[in-house]
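In what follows, residues are counted from 1 in the order of the sequence shown. For ligands, and for the atoms within them, numbers begin at 1 and follow the listed sequence. Computed over heavy atoms, backbone and side chain alike; hydrogens, waters and symmetry mates excluded.
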Amino acid sequence: MVGFGPYVLLHTLGEGEFGKVKLGVHTEFGVEVAIKLIRRGSLDDEVRASKVEREIDVLKTLRHPNIVRMFDVIDTEKYIGIVLEFAGGGELFDHILANRYLKEKDAQKLFAQLISGVDYLHKKHIVHRDLKLENLLLDKHRNIIITDFGFANRFNHASDDLMATSCGSPCYAAPELVVSEGLYVGSAVDIWSCGVILYAMLSGYLPYDDDPNNPEGDNINLLYKYIMTTKLNFPDHISPLARHLLQMMLVPNPEHRCTVQEIMVHPWLSAHA
Ligand code: ADE
């Protein structure tokens with residue numbers, strides 16, 4: 001049994017960029033937590049060290065039922081341990097695949113929780129910038145828990161959330177991240193990713209993953225050309241209202257993409273607002 005501060009470390013829950021995430025149990029209170037272990041040796045350059053620092057700084061300020069809670073940071077000689085709320089329901093990804101795709105009623109509840117968390121972040125002038133299925137976990141009651149704030153950033157004024165660092169996974173990344181070279185509107189980038197996530201919830205696959213010229217989707221430039229020139233296709237079972245909402249979010253031009261407020265009042269979601 002390996003101890004870490006007041007916790008015993010059990011099995012590995014996942015692998016992060018800087019090390020493992022392990023299940024921890026408090027030796028006195030029995031509380032389960034997820035401990036993100038960052039090897040000090042992996043923070044050799046300033047960029048990586050400041051990324052971890054920023055993640056901790058952002059997590060400190062967040063308190064929302066659909067955003068992972070940070071309870072503590074434990075410093076040891078070899079590791080920095082970020083002690084997080086344990087999301088016991090596994091990954092949303094696995095929940096979707098186990099059902100092939102989600103029924104709209106199930107998706108409405110989960111998507112409303114995602115949007116509630118994103119609205120909370122944006123109101124605090126924080127953008128996540130790496131929203132994707134792999135970063136959405138479920139708690140034991142099957143509520144969404146947004147995790148991994150390694151790319152998150154603050155903007156000072158709601159009117160100027162312009163950013164310059166390109167982040168995230170290509171399949172979820174808004175086209176302006178690659179197409180334009182200058183600044184982008186951070187909050188609009190999160191909306192695009194939420195659109196990709198909603199599409200995946202309702203279909204069981206990603207919206208722009210079927211370019212015959214780019215079968216692995218790993219050529220980012222081809223991926224963006226495909227997004228810019230391909231009309232969004234839907235499986236037959238997706239309802240007209242859900243399609244309408246997706247078509248408001250997955251708009252390549254960020255100036256024409258909808259806002260969080262427009263999503264929250266959309267009739268597909270209104271019952272769960
Ligand atoms: N994997 C990564 N982070 C986690 C968390 N907070 N809870 C459960 N599994 C995780």
Side-chain angles (χ1 to χ4, degrees), residues 1-27 29-40 42-43 48 51-76 78-99 102 109-111 113-114 116-118 120-121 124 126-152 167-169 171-172 190 193-194 197 200-201:
M1 295 257 257
V2 181
F4 190 78
Y7 299 95
V8 174
L9 295 181
L10 301 174
H11 60 267
T12 298
L13 297 167
E15 299 269 352
E17 186 185 347
F18 301 106
K20 291 180 172 156
V21 181
K22 294 222 171 226
L23 178 64
V25 180
H26 197 282
T27 47
F29 305 122
V31 178
E32 290 179 314
V33 294
I35 306 185
K36 188 167 180 172
L37 292 165
I38 295 147
R39 255 178 288 104
R40 288 198 174 279
S42 69
L43 301 178
R48 290 159 79 86
K51 197 176 165 203
V52 171
E53 215 169 282
R54 182 147 64 182
E55 177 170 10
I56 292 171
D57 278 350
V58 166
L59 281 169
K60 252 184 217 163
T61 68
L62 303 178
R63 199 178 258 249
H64 182 280
N66 302 111
I67 294 174
V68 74
R69 275 280 301 282
M70 184 178 76
F71 297 126
D72 203 1
V73 179
I74 298 175
D75 266 311
T76 70
K78 270 202 181 146
Y79 292 98
I80 299 169
I82 307 180
V83 182
L84 300 165
E85 167 186 2
F86 172 56
E91 292 186 9
L92 176 62
F93 190 87
D94 296 323
H95 176 58
I96 295 174
L97 289 191
N99 299 279
L102 299 184
K109 184 197 110 175
L110 294 170
F111 188 67
Q113 293 179 346
L114 169 64
S116 170
V118 171
Y120 171 85
L121 290 175
K124 287 183 84 83
I126 291 166
V127 285
H128 186 285
R129 302 198 296 182
D130 194 22
L131 292 169
K132 55 182 173 180
L133 284 181
E134 295 89 324
N135 288 339
L136 300 180
L137 304 176
L138 298 170
D139 70 13
K140 61 174 187 278
H141 305 296
R142 272 227 192 113
N143 296 306
I144 289 272
I145 302 290
I146 304 172
T147 64
D148 206 335
F149 285 76
F151 282 126
C167 307
S169 309
C171 287
Y172 294 82
D190 279 349
S193 306
C194 287
I197 289 165
M201 284 183 186

Inset, instruction - Report the residues that fulfil ring pair (Phe, Tyr, Trp, His ring centres under 6.0 Å) with Phe111, sequence neighbours left out, ordered by chain and then residue number. - result: none
Inset, instruction - Hey, could you give me the CG/CG distance between Asp148 and Asp130, rounded to the nearest 0.5 Å? - result: 6.0 Å
Inset, instruction - Look up atom CD1 in Ile146 and atom CG in Leu136, then write down how far apart they are to the nearest 0.5 Å. - result: 6.5 Å
Legend entry - All ring pair (Phe, Tyr, Trp, His ring centres under 6.0 Å) counterparts of Phe149, not counting sequence neighbours: His128
Legend entry - More than 12 heavy atoms from other groups under 6.0 Å of CZ on Arg142: no
Legend entry - For Lys22, salt bridge (Lys or Arg N to Asp or Glu O under 4.0 Å) partners two or more places apart: none
Table of N or O contacts for ligand 1, cutoff 3.5 Å:
residue, atom, partner, partner atom, Å
ligand 1, 6 (N), Glu85, O, 2.9
ligand 1, 7 (N), Ala87, N, 2.9

